[in-house]
Undergrad: 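Have a look at the structure that comes next, please.
Keep in mind that this is a model prediction, so the values were computed, not measured.
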Amino acid sequence: MNTGKKICWLYLIAFCGLTGCAAVGPPLPTVDWNTTEDARTILTERQNAIESVQTQVKIRYTSPPPESETNTFDGALVIATNDRFRLRTWKINQTIFDLTVTPEGTFIAAIDEMKERTPDSEADLAALANNLGAMLRGPDYAEARIETRGDTVRLFWGPNARPELAAEFDRWTLGLRAIRTRTANGSTPVAVESQQADYNGYVWFKELTAAGDFGRFEMTFRDVEINGELNPRAFKPPRRAVRLERPLP
């Protein structure tokens, strides 16, 4: 796997809980742990407990240069297991874009105005699909090196001298603060900042900002439901969606 593909595995902390729903989660409680292996175990258990997430989302999206155009949308996000992800956005009751990732492929439907104003919009959305879904599902903590400095816990993936991925967590809550990537192929690294919250005892995102080749996405989540019943058509792309040839991250 080359470096560009490896960084797609980066990503965020994924989650704690069997069932639960909350409109806005309170701050994370402190957790007791002594060794770095204790921290690894907590993060892994949070991740493995999440089978699905459904949430409403407010999105502020800035397209990549040279357009660098900013728009705000409402949206709905649903994630299931490790291979299904869908983000649908709209504004004034008009769908702006619909992005679906399944084992069968990546499917994108975008309004004509978006494609006309931003000719690379489908490529940018494909890059987003290649990163955001993996971010929200989380990395393989078993492969990470861990160190603690002051009130920060850092996890690293890749070579010791120049890791491909570094993640920072709060020492007291093990809530994710930030992720940084390095690349060797000239592409723009992905930078992530987040705030997490407690949803009825389950840890997930309250706010998330991700920036990279796909532009900059600022997302605020609400009405988060963990492991709830999913609509059978949740991951069925609209008829006008275009399938893109892209391997899953």
Undergrad: Could you give me the CA-CA distance, side-chain angles and deciding distance for Phe156 and Ile146, then say whether side chain to side chain contact (heavy atoms under 4.5 Å, CB included) is met?
TA: CA-CA 7 Å; Phe156 302 92; Ile146 306 177; over 6 Å; no
Undergrad: To check you understand the geometry: which heavy-atom pair defines the closest contact between Ala241 and Ala109, and what is its length?
TA: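 Ala241 and Ala109 have their closest heavy atoms at CA-CB, 3.9 Å.
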Undergrad: Kindly indicate, with the supporting measurements, whether the criterion side chain to side chain contact (heavy atoms under 4.5 Å, CB included) is fulfilled by Trp157 and Glu143.
TA: CA-CA 7 Å; Trp157 290 260; Glu143 296 183 353; 4.1 Å; yes
Undergrad: Rounded to the nearest 0.5 Å, what's the gap from CG on Leu176 to CD on Gln195? Could you check?
TA: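 One finds 11.0 Å between CG of Leu176 and CD of Gln195.
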Undergrad: Sub-3.5 Å donor-acceptor pair from the side chain of Thr220 to the main-chain atoms of Glu207, do we have one?
TA: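 It does not hold such a pair.
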Undergrad: Work out which heavy atom in Asp198 is nearest to a heavy atom in Pro29; give both atom names and the distance.
TA: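 Between these two residues, the closest heavy atoms are OD2-CD, 3.6 Å.
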Undergrad: In a check of side-chain hydrogen bond (donor to acceptor under 3.5 Å, both in side chains) between Thr152 and each of Arg171, Arg177, Glu147, which one passes?
TA: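 Among the candidates, only Arg177 passes.
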Undergrad: Got a second to check how far Glu168's CD is from Glu193's CD, nearest 0.5 Å?
TA: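 Reported value, rounded in 0.5 Å steps: 10.0 Å.
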Undergrad: Do Thr55 and Trp204 have side chains that approach each other closer than 4.5 Å (heavy atoms only, starting at C-beta)?
TA: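 Yes, at least one pair of side-chain atoms sits under 4.5 Å.
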Undergrad: If every non-hydrogen atom of Pro64 is compared with every non-hydrogen atom of Gly215, which pair is closest and at what distance?
TA: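 Here Pro64 and Gly215 meet closest at CG-N, 3.7 Å.
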Undergrad: Side chains of Tyr141 and Leu155: does their closest heavy-atom pair fall under 4.5 Å?
TA: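 Result yes, sub-4.5 Å side-chain heavy-atom pair found.
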Undergrad: For Asp170 and Thr173, does a side-chain donor sit closer than 3.5 Å to a side-chain acceptor?
TA: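 Yes - a donor-acceptor pair under 3.5 Å links their side chains.
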Undergrad: I want to check something: taking the side chain as every heavy atom from C-beta on, are Leu136 and Phe205 in contact at a cut-off of under 4.5 Å?
TA: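 Leu136 reaches Phe205 side chain to side chain.
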Undergrad: Please list, chain by chain and in numerical order, all residues satisfying salt bridge (Lys or Arg N to Asp or Glu O under 4.0 Å) with Arg88, sequence neighbours excluded.
TA: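 Once residues adjacent in sequence are excluded, Arg88 has no partner under the salt bridge (Lys or Arg N to Asp or Glu O under 4.0 Å) criterion.
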Undergrad: Which heavy atom of Leu230 sits nearest to which heavy atom of Ala80, and what is that distance?
TA: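 Smallest heavy-atom distance, with atoms named: CD1-CB, 3.9 Å.
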Undergrad: Would you check, one step at a time, whether the test side chain to side chain contact (heavy atoms under 4.5 Å, CB included) holds for Leu99 with Phe85?
TA: CA-CA 8 Å; Leu99 176 60; Phe85 165 87; 4.2 Å; yes
Undergrad: Are the aromatic ring centres of Phe73 and Trp90 under 6.0 angstrom apart?
TA: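 No - the distance between ring centres of Phe73 and Trp90 does not fall below the 6.0 Å cut-off.
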Undergrad: Any side-chain heavy atom of Val78 sitting closer than 4.5 Å to one from Val53?
TA: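 Of all side-chain heavy-atom pairs linking Val53 with Val78, none is under 4.5 Å.
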Undergrad: Assess the residue pair Glu37 and Thr35 against the criterion (side chain to side chain donor-acceptor pair (under 3.5 Å)); give the C-alpha distance rounded to whole Å, side-chain angles, the decisive distance to 0.1 Å, and a yes or no.
TA: CA-CA 5 Å; Glu37 289 308 308; Thr35 68; over 6 Å; no
Undergrad: Is it possible for you to say whether Leu87 and Phe107 belong to one hydrophobic cluster, with membership spreading through side-chain heavy-atom contacts below 4.5 Å?
TA: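 No.
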Undergrad: Mind jotting down which residue pairs meet the salt bridge (charged side-chain N to carboxylate O under 4.0 Å, His left out) criterion with at least one end in residues 72-81? Sequence neighbours excluded, please.
TA: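 Passing the test, one end in residues 72-81: Lys58-Asp74.
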Undergrad: Under 4.5 Å between side-chain heavy atoms, counting indirect links through other Ile/Leu/Val/Met/Phe/Trp/Tyr residues: same cluster for Phe235 and Ile226 or not?
TA: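 No, separate clusters.
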Undergrad: Are any of the side-chain heavy atoms of Ile59 and Phe217 separated by less than 4.5 Å?
TA: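 The answer is yes; the side chains approach within 4.5 Å.
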Undergrad: Are Glu104 and Thr102 packed together at the side-chain level, in the sense that at least one heavy-atom pair is separated by less than 4.5 angstrom?
TA: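 In short, these two side chains touch, coming nearer than 4.5 Å.
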Undergrad: Check whether any side-chain N or O of Asn227 sits under 3.5 Å from a backbone N or O of Ala49 as a donor-acceptor pair, and report yes or no.
TA: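 Yes; judged by distance alone, with no hydrogens or angles, the pair exists.
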Undergrad: Consider only side-chain heavy atoms of I, L, V, M, F, W and Y, link residues closer than 4.5 Å, and tell whether Val153 and Trp172 are in one cluster.
TA: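 Looking at the clustering, Trp172 is in a separate group from Val153.
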Undergrad: Is there side-chain contact between Asn160 and Arg145, with heavy atoms separated by less than 4.5 Å?
TA: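 Counting from C-beta outward, Asn160 and Arg145 do come under 4.5 Å.
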Undergrad: Decide yes or no for Thr209 and Ser194: does some side-chain heavy atom of the first lie under 4.5 Å from some side-chain heavy atom of the second?
TA: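 No; the side chains remain at least 4.5 Å from each other.
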Undergrad: Do the numbers put Arg40 on top of the ring of Trp33, so that NZ or CZ is under 6.0 Å from the six-membered ring centre and no more than 45° off the axis?
TA: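 No, Arg40 does not lie over the aromatic ring of Trp33.
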Undergrad: So which heavy atom on Thr181 is nearest to which on Val190, and how close?
TA: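 For Thr181 and Val190, the tightest heavy-atom pair comes out as OG1-N, 2.8 Å.
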Undergrad: With distance as the sole test, does Gln54 use its side chain to make a donor-acceptor pair with the main-chain N or O of Ala76 at under 3.5 Å?
TA: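 Checked: no pair found.
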Undergrad: Residues in salt bridge (Lys or Arg N to Asp or Glu O under 4.0 Å) with Arg216, at least two apart?
TA: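 Arg216: salt bridge (Lys or Arg N to Asp or Glu O under 4.0 Å) contacts with Glu218.
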Undergrad: Quick one: which of Arg240, Lys236, Arg86, Arg239 gives a salt bridge (charged side-chain N to carboxylate O under 4.0 Å, His left out) with Asp98?
TA: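 That would be Arg86.
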Undergrad: Verify the neighbour count for atom CG of Asp32: are there more than 12 heavy atoms of other residues, nucleotides or ligands below 6.0 Å?
TA: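 Open: at most 12 neighbouring heavy atoms sit under 6.0 Å from CG of Asp32.
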Undergrad: Looking at every non-hydrogen atom in both residues, tell me the closest pair between Gln47 and Pro139 and how far apart they are.
TA: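 Where Gln47 meets Pro139 most closely, the heavy atoms are NE2-O, 2.7 Å.
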Undergrad: Within the 3.5 Å criterion, strictly below it, is a donor on Asn71 or Arg60 matched to an acceptor on the partner's side chain?
TA: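 No, no side-chain donor-acceptor contact under 3.5 Å.
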